There are 2 protein chains.
Amino acid sequence: MLYAGFMSAAPPSAPTPQEPVEPPQLLQLGLGDDEPCLRADAARNRARLLEAAAGLVAARGADAVTMEEVAAAAGVGKGTVFRRFGDRTGLLMALLDHGEKKLQAAFLSGPPPLGPGAPPAERLRAFGRAALRRTVEDLELQLAAEPEAGRRFTVPPYRVRHHHVALLLRQAAPDADCDLLAHTLLAQLDPALVHHLTHQCGMPARRLEDAWTDLVDRITGTTA
Amino acid sequence: MLYAGFMSAAPPSAPTPQEPVEPPQLLQLGLGDDEPCLRADAARNRARLLEAAAGLVAARGADAVTMEEVAAAAGVGKGTVFRRFGDRTGLLMALLDHGEKKLQAAFLSGPPPLGPGAPPAERLRAFGRAALRRTVEDLELQLAAEPEAGRRFTVPPYRVRHHHVALLLRQAAPDADCDLLAHTLLAQLDPALVHHLTHQCGMPARRLEDAWTDLVDRITGTTA
DNA sequence: ACACAATGCGGACCGGGGTCCGCTTTGCAG
DNA sequence: CTGCAAAGCGGACCCCGGTCCGCATTGTGT
């Protein structure tokens, strides 16, 4: 368990009487664990919901599935879904959690060139390739899970990626505004963009990878 | 009239019996005109709606305004709003149309360094500054108008900007994948990102402008 | 074993976006 | 001026995401 769950800290509004969704996630990047100790029935329902959702999504496509259907398929009430996952996006993101954690594991503590050990520019190039591949894997879901505009950058998986890229950049291009530059780099991995380019413009995935590499080279000044 | 309206070509689904929204917009970049010849009453209602919407948005913020309210305030039925503008996003975008056209005018045919006449890298830098300023101007609305994930890159104003940036890039960095690079550059002007950085991270607008300039320099290899 | 917080459950309910279709208005042709 | 097709109108309607709150389940302390 490397990092943390997915959900943002539930209802952003003032002291909701409703309890928070999943872990409060104050986000000290790099540790923490989901499911802080769910009550037996709650845990069971969570599992059922995830399974039901996965099934329906696989069968009919993410955006043809309604929350009520998922609840029904899992044999629970609609309220339960929302209490557990906050909102539709939350549920969808939970479905992606596993894959994302694996990627995080790989770049935070896996073997080089993705993990520590390789030179930063090299790691950046590897990161892009890996992330791109992961995105292509289940583009559809990833697209459907995209949070409403305002939250795109606040959601934990994005923050982790951003943190990582910024870190590498600070080593590879010390004189740049790395925080901002990291956002720019990440934009090239945005599922919506990847979808647009591959599905609507018919670009091969390979071209995206090459462009990433080239971009890293230009920005860091390295070539490799 | 420089370019064209805002709406994408209405209901993407098969031959809707409903007529298309605004101009079909087959989008030959650079010409065309809105309101292809609305019937008298339709034109009147369109104007009323725009006015009503602008008023409500200004008064209470974009996302506290419902379509039904706008319709009521304009003294028309809800159906009319949707027929004219397609969907909520369409209406909001129409509200932004004027400002966007002005910007387009400036970089397509205005005076240098924004318009033709200056060297490409220079024009790029100017473009970023101008776009950034325009975005900050009415961030709130721009944010609320953001189309659902899939369409972000298909919407006319984005396409125009992309086309323009790609064009300049082809001159300033002929050996790069300019189409893709253009998307990357534009990502730094994304209203959602600008909002995040300025409002949630407290960055001054100035820093964004500097980062843009720096990014252009790194990508084109030029300096200043 | 029992009581009693605390935690979770579920489904009625709400609000708003988007659709539909029978009726009205427009404006052109004769 | 009149008739008539096309264009436009509007509001009842549907659907779905999200909320709420009285009731049921847990599991802990004694």
Side-chain angles (χ1 to χ4, degrees), chain A residues 7 10-24 35-49 52-53 56 60 62-92 144-145 147-148, chain B residues 7 10-24 35-49 52-53 56 60 62-92 144-145 147-148:
Chain A
M7 333 335 306
S13 40
T16 315
Q18 202 84 319
E19 74 278 34
V21 167
E22 297 268 293
E35 355 237 325
C37 56
L38 251 22
R39 226 172 69 173
D41 51 353
R44 194 199 51 208
N45 285 339
R46 182 177 143 77
R48 278 189 190 170
L49 279 168
L56 287 177
R60 315 214 310 263
D63 38 33
V65 175
T66 79
M67 297 302 270
E68 207 148 359
E69 279 172 339
V70 175
V76 306
K78 199 183 184 181
T80 303
V81 190
F82 285 95
R83 188 165 351 84
R84 190 67 29 204
F85 297 100
D87 60 8
R88 187 186 162 81
T89 294
L91 174 59
L92 265 10
E148 145 247 12
Chain B
M7 337 329 310
S13 41
T16 315
Q18 202 83 320
E19 74 280 32
V21 166
E22 297 268 291
E35 354 237 322
C37 57
L38 252 22
R39 225 172 68 172
D41 51 352
R44 194 199 51 208
N45 285 340
R46 182 178 141 81
R48 280 187 189 172
L49 279 168
L56 286 177
R60 315 213 311 262
D63 37 36
V65 175
T66 80
M67 297 302 269
E68 208 148 0
E69 279 173 338
V70 175
V76 307
K78 199 186 184 178
T80 304
V81 190
F82 285 94
R83 186 164 354 83
R84 190 64 34 200
F85 297 100
D87 60 9
R88 188 186 162 81
T89 294
L91 174 59
L92 265 10
E148 146 247 11

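What you see is a predicted model, and the numbers here were worked out from it, not measured in a lab. Chain letters run A, B, ... following the sequence lines, proteins first, then strands; residues in each count from 1.
- We find that CG of A/L49 is positioned 14 Å from P of C/dG8, with the value rounded to whole Å.
- Rounded to a whole Å, the CD atom of B/E68 is 15 Å from the P atom of C/dT19.
- With rounding to whole Å, B/M67 atom CE is found 17 Å from D/dC13 atom C1'.
- The phosphate of D/dG10 (OP1 or OP2) has a side-chain N or O of B/T80 nearer than 4.0 angstrom.
- Comparing B/T66 and B/R44, the nucleotide of DNA chain C nearest to each residue sits closer to the 5' end for B/T66.
- Closest to the side chain of B/N45, out of C/dG8, D/dC9, D/dG17, is D/dC9.
- The side chain of A/K78 approaches C/dG11 more closely than any other nucleotide in the set C/dG18, C/dG11, C/dG8.
- With rounding to whole Å, A/R84 atom CZ is found 12 Å from C/dT7 atom P.
- Atom CZ in A/R39 sits about 16 Å away from atom P in C/dA5, given to the nearest Å.
- Atom CZ of A/R83 is separated from atom P of C/dG10 by 8 Å (rounded to the nearest Å).
- Atom-to-atom, CG of A/D41 to P of C/dC9 comes out at 5 Å; the value is rounded to the nearest Å.
- For the pair B/A74 and B/R48, the tightest heavy-atom approach, listed with the atom from each and the gap, is O-CD, 3.5 Å.
- Both B/A42 and A/G79 lie close to DNA chain D; mapped to their nearest nucleotides by heavy-atom distance, the more 5′-ward contact belongs to B/A42.
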Side chain to side chain contact (heavy atoms under 4.5 Å, CB included) between B/F85 and B/L49: does it pass, once the steps are laid out? CA-CA 10 Å; B/F85 297 100; B/L49 279 168; 4.0 Å; yes
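- Under the 4.5 Å side-chain criterion, counting only non-hydrogen atoms from C-beta, A/L38 is not in contact with A/R44.
- Heavy-atom minimum distance, A/R88 versus A/F82: N-CE2, 4.4 Å.
- Atom CG in A/L38 sits about 11 Å away from atom P in D/dG27, given to the nearest Å.
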